[in-house]
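Everything on this sheet refers to the single structure shown next.
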Amino acid sequence: MSTKSAKAELENIFNTHFEDFEKSLNGLSEKSTHEIRKSALDSLNHIGFPGNKHEEYKYTPLTRQLQKNFRFERFASTGKLKLEDLKDVPFYNENAHIVVLENGVVNTELSKVNGAQGLGIMPLKEAFKQNNEALANNFGRHLFAEKDAFAALNTAFAENGAYIHIERNTSVEKPIVLLYITTGSGELTYHPRNLIVAEENCEVNVIESFTSLNKGNAFINQSSEIVVEKNARFNYFKLQNESESTYHIDNTQVVQHRDSLFNAYTFTFDGALIRNNLNIALEEEHCEAHMYGLYLTHGKTHVDNHTVVDHKEPNSFSNEIYKGIVNDHSKGVFNGKIFVRQPAQKTNAFQSNKNILLSDNATVNTKPQLEIWADDVKCSHGCTTGQLDEESLFYLRSRGISLQKARNILLHAFASDVLEHVSISFLKEHVEYLIHKELD
Amino acid sequence: MSKDNQILEEFTSSEYKYGFETKIDTDTAPKGLNEDIIRFISAKKNEPEWMLEWRLKAYRHWLTMEEPTWPNVTYPKVDYNDIIYYAAPKQKKQPKSLDEVDPELLDTFKRLGISLEEQKRLTGVAVDAVMDSVSVATTFKDKLADLGIVFCSFSEAVQEHPELVKKYLGSVVPYTDNFFAALNSAVFSDGSFCYIPKGVRCPMELSTYFRINTANTGQFERTLIVAEDASYVSYLEGCTAPMRDENQLHAAVVEIYAAEDAEVKYSTVQNWYPGDQEGKGGIYNFVTKRGICAGDNSKISWTQVETGSAVTWKYPSCILKGDNSIGEFYSVAVTNNYQQADTGTKMIHIGKNTKSRIVSKGVSAGRSQNSYRGQVKVLKRAENARNFSQCDSLLMGNLCGAHTFPYIDIENSSAQVEHEATTSKIGEDQIFYCNQRGIDTEDAVALIVNGYCKEVLNQLPMEFAVEAQKLLALTLEGSVG
């Protein structure tokens with residue numbers, strides 16, 4: 001089937017779904033938030049699903065893959081998850097605020113949110129019902145549906161997910177962990193949607209972790225909006241380690257205000273196809289943003305990281321380090337964009353992407369991109385793709401270390417660059433364990 | 001210092017010194033593009049049937065194509081039916097030597113600083129001068145012929161060496177390649193052809209000089225360079241055009257074929273009319289340049305200094321097919337006022353142990369937009385491929401833009417590919433340092449920019465390097481303040 005008709009067919013399916021979805025909203029479809037959904041669907045119909053020539057999806061032919069593997073007959077159901085299923089799910093027993101999302105829907109019974117002052121966590125559906133003011137002000141206002149078809153799709157069907165609100169001057173001691181668990185059998189589709197608002201002067205750590213307990217193909221189309229207000233400090237971790245038949249698309253839009261700090265960490269291991277769009281808008285002066293990424297892939301996993309940092313005002317700083325070790329038939333794609341708008345003088349922006357290919361069947365496509373309209377800036381980007389340094393290997397081997405061991409030492413060292421910035425010990429340990437598993 | 005001042009003065013008084021128009025009678029085709037025009041061009045050039053067929057095939061293919069919109073440039077749509085596709089300086093008959101060439105024409109080239117006669121005597125550079133669409137004079141032909149080197153206009157090559165043209169035309173840039181290559185293939189009117197036989201090292205620089213003269217014309221020349229086994233040639237190209245308010249289209253194709261152990265060095269100083277300070281007029285420079293290192297151990301090196309044109313859109317590329325072949329790309333792209341440039345290269349590694357090196361230096365000033373777009377591709381069987389890319393941008397003034405779009409696609413684990421890029425402005429401390437030593441700001445900027453571009457300028461042949469340095473200073477003049 002040609003891509004064109006495949007695209008049209010996908011769009012048709014979702015338009016029909018939307019009508020059913022509207023009916024299920026029970027009176028909530030009159031609200032202004034629903035207008036945003038409707039216009040998102042219009043955007044989707046307007047821009048359509050990306051074809052294989054689409055610049056942003058050139059190396060990730062998603063539409064074809066989705067068409068091939070999914071019929072999208074229904075959205076995933078819930079209610080199958082039991083407490084005993086969670087005993088092997090990483091982080092569930094850690095000392096943290098645990099939010100369990102089964103197929104994108106918050107399971108309040110299994111979640112363990114300990115009351116903390118200034119911290120509000122509730123299912124997104126609940127927040128819609130309550131006419132939450134912060135929700136109305138922020139939902140769909142930062143993530144632009146007209147820019148990405150999958151963001152538009154998510155917005156159109158936005159109902160479930162987590163809404164997290166951190167009040168001003170609050171320092172949330174324990175990390176907030178969002179555990180996404182895919183359950184059930186047969187093919188599954190769901191569109192989790194999150195909104196996180198961190199008010200002035202607050203400090204928070206949020207971890208998202210994805211686990212598959214299902215059998216069959218799953219398509220997770222996730223979107224998040226994160227607002228980091230003045231002088232807030234936000235650490236955001238994402239761990240993607242899913243089944244080999246999971247197709248995962250993530251759109252995360254971060255908006256930073258004056259003097260704020262945002263650190264994003266993305267760790268990707270298994271999955272069929274994973275696409276992350278991480279967009280950070282530095283709306284005001286003196287913002288600081290760091291993005292760290294690590295992807296270790298094998299088998300046929302396809303990982304695509306697209307990041308955008310948009311410097312809009314002067315004196316901001318951004319730094320990005322993405323590293324990948326790509327093995328077997330897997331594919332690593334990286335596209336980093338730095339925009340420095342004309343008013344954003346005295347911007348410092350750095351970007352680096354380093355890859356190691358372990359197999360001749362693996363592919364790396366990288367595109368570090370700078371677009372600069374201001375003159376008083378310091379920007380640089382660099383990327384390397386290659387293999388382990390012969391001299392370093394020789395050094396280790398000359399000291400009696402076997403080739404296998406020497407390679408491992410070097411690969412661990414390569415990966416640890418990203419990991420060493422992680423401050424939460426249980427997360428760090430778990431990622432270390434996954435790296436070991438992947439490399440040994 | 002006094003000499004520098006003189007240079008500066010020379011440039012302050014002249015904004016675009018090649019902006020004159022020569023009053024020469026031209027033979028032009030009617031405006032517009034259709035199969036009849038192509039037949040007309042082909043008939044004018046007295047071409048064999050296969051050539052016309054090839055043109056028509058290209059034209060029919062072009063009709064099915066759409067103008068690309070992906071480059072990071074904006075310009076009003078070109079009306080392809082409002083262009084004269086053929087304009088030749090009128091001459092009674094083919095000149096046998098320079099003495100017979102129209103003196104007005106010779107004068108034009110003299111004013112451009114490439115007096116054919118003078119060059120012949122002093123520098124020993126063989127020049128093929130192309131005015132509007134037609135090659136008007138080629139120097140040193142006989143001397144080159146002694147070595148078996150063919151260096152002539154393209155139409156002459158079609159007449160005299162049809163077997164060579166037939167074999168290599170479109171072998172590197174097929175007419176299906178892209179929109180402008182297809183257009184060029186259909187309507188190209190002339191250009192240069194160069195053939196270096198086996199084992200011959202071309203003793204002098206070969207040079208083509210392009211000039212657009214007539215209003216409303218497009219220039220569509222085609223250059224084909226074939227270097228046989230173990231041969232060497234260094235080729236220069238220069239371009240200018242008169243100042244006009246309307247935009248003119250220049251869509252050229254350059255093909256280079258390098259056989260085993262051959263080496264081709266191609267240098268361009270592009271100084272088409274960039275439009276005035278308000279961005280009115282200027283040349284659209286949409287060029288396809290590509291070389292193939294077909295044989296083992298061959299080498300192709302592109303050097304370009306891009307200072308002119310309102311809109312530039314070109315990517316001189318290397319296909320590294322032979323084992324151990326080498327591709328190089330050195331570029332300085334300077335944009336000022338409202339100029340836009342989207343330029344870079346492609347390095348396609350196919351053979352084993354292939355190496356490529358990219359050095360791109362962009363300078364943007366005024367309200368210009370300067371983009372580097374490049375691709376490094378290592379295919380699966382390209383063992384031990386090695387690439388190093390460096391692309392730096394220098395911004396002058398806060399209304400211009402500098403953009404970098406590198407694509408790196410690796411399919412072999414033994415490849416080593418590095419890319420680095422920086423964007424910055426000229427440091428105030430650097431200017432202050434120069435001021436302190438009595439160098440005024442304008443000179444200091446020229447000095448710093450020249451230093452910044454040195455790595456590329458060093459690659460140019462001597463005659464061009466001097467010219468290019470002056471050009472840089474001229475293009476950036478008045479951009480500090």
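- Taking NE2 of A/His381 as the start and SG of B/Cys391 as the end, the distance is 5.0 Å to the nearest 0.5 Å.
- At most 12 heavy atoms of other shown residues, nucleotides or ligands fall within 6.0 angstrom of atom CD in A/Glu390.
- Side-chain contact check for B/Arg381 versus A/Asp360: every heavy-atom pair is 4.5 Å or farther apart.
- With chain B as partner, the option from A/Val340, A/Val364, A/Leu357, A/Ile372 having the largest number of non-hydrogen pairs under 4.5 angstrom is A/Ile372.
- The contact between B/Ala415 and chain A is made entirely by backbone atoms, counting heavy-atom distances below 4.5 Å.
- With chain B as partner, the option from A/Thr366, A/Ile356, A/Val333, A/Asn335 having the largest number of non-hydrogen pairs under 4.5 angstrom is A/Thr366.
- For B/Asn387, no part sits under 4.5 Å from any heavy atom of chain A, backbone or side chain.
- Contact residues of residues 401-413 of chain B toward chain A are B/Gly401, B/Ala402, B/His403, B/Thr404, B/Phe405, B/Pro406, B/Tyr407, B/Ile408, B/Asp409, B/Ile410, B/Glu411, B/Asn412, B/Ser413 (heavy-atom distance under 4.5 Å).
- Between chain B and the residues A/Ser359, A/Ala349, A/Pro368, A/Ala374, the largest count of heavy-atom pairs under 4.5 Å involves A/Pro368.
- In this structure, the portion of A/Lys58 lying under 4.5 Å from any heavy atom of chain B is its side chain and not its backbone.
- Within 6.0 Å of the CZ atom in A/Arg258, the count of heavy atoms belonging to other residues, nucleotides or ligands exceeds 12.
- Residues B/Asn398 and A/Gln342 approach most closely at O-NE2, 2.6 Å, considering heavy atoms.
- When the candidates A/Lys354, A/Gln351, A/Glu55 are compared by the number of heavy-atom contacts under 4.5 Å with chain B, A/Glu55 comes out ahead.
- Atoms CG and NZ, on A/Asp376 and B/Lys425 in that order, are 4.0 Å from each other to the nearest 0.5 Å.
- The neighbour count for B/Lys321 NZ, taken as heavy atoms of other residues, nucleotides or ligands under 6.0 Å away, does not exceed 12.
- Within a 6.0 Å radius of CZ in A/Arg407, other residues, nucleotides and ligands contribute 12 heavy atoms or fewer.
- A/Asp389 contributes atom CG, which lies 7.5 Å from atom CD of B/Gln416 (distance to the nearest 0.5 angstrom).
- Interface remark: A/Thr385 contributes backbone and side-chain atoms alike to the contact with chain B (heavy atom separation under 4.5 Å).
- Enclosure of atom OH in B/Tyr75 by more than 12 non-hydrogen atoms of other residues, nucleotides or ligands within 6.0 angstrom is indicated.
- Looking at A/Asn355, there are no atoms closer than 4.5 Å to chain B (heavy atoms on both sides), in backbone or side chain.
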Worksheet entry | Residues B/Ser414, A/Gln387; criterion side-chain contact (heavy atoms from CB on, under 4.5 Å); working and verdict | CA-CA 6 Å; B/Ser414 61; A/Gln387 47 195 336; 4.1 Å; yes

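- Heavy-atom distances place the side chain of A/Tyr59, and not its backbone, under 4.5 Å from chain B.
- For the atom pair NZ of A/Lys378 and OG1 of B/Thr423, the computed distance is 12.5 Å after rounding to the nearest 0.5 Å.
- Counting heavy-atom pairs under 4.5 Å between each of A/Thr384, A/Asn353, A/Thr363, A/Leu370 and chain B puts A/Leu370 at the top.
- A/Glu244 CD: 12 or fewer foreign heavy atoms inside a 6.0 Å radius.
- No part of B/Glu428 comes within reach of chain A, as not one of its non-hydrogen atoms sits under 4.5 angstrom from that chain.
- Residue B/Gln390 does not touch chain A at all, counting heavy-atom pairs closer than 4.5 Å.
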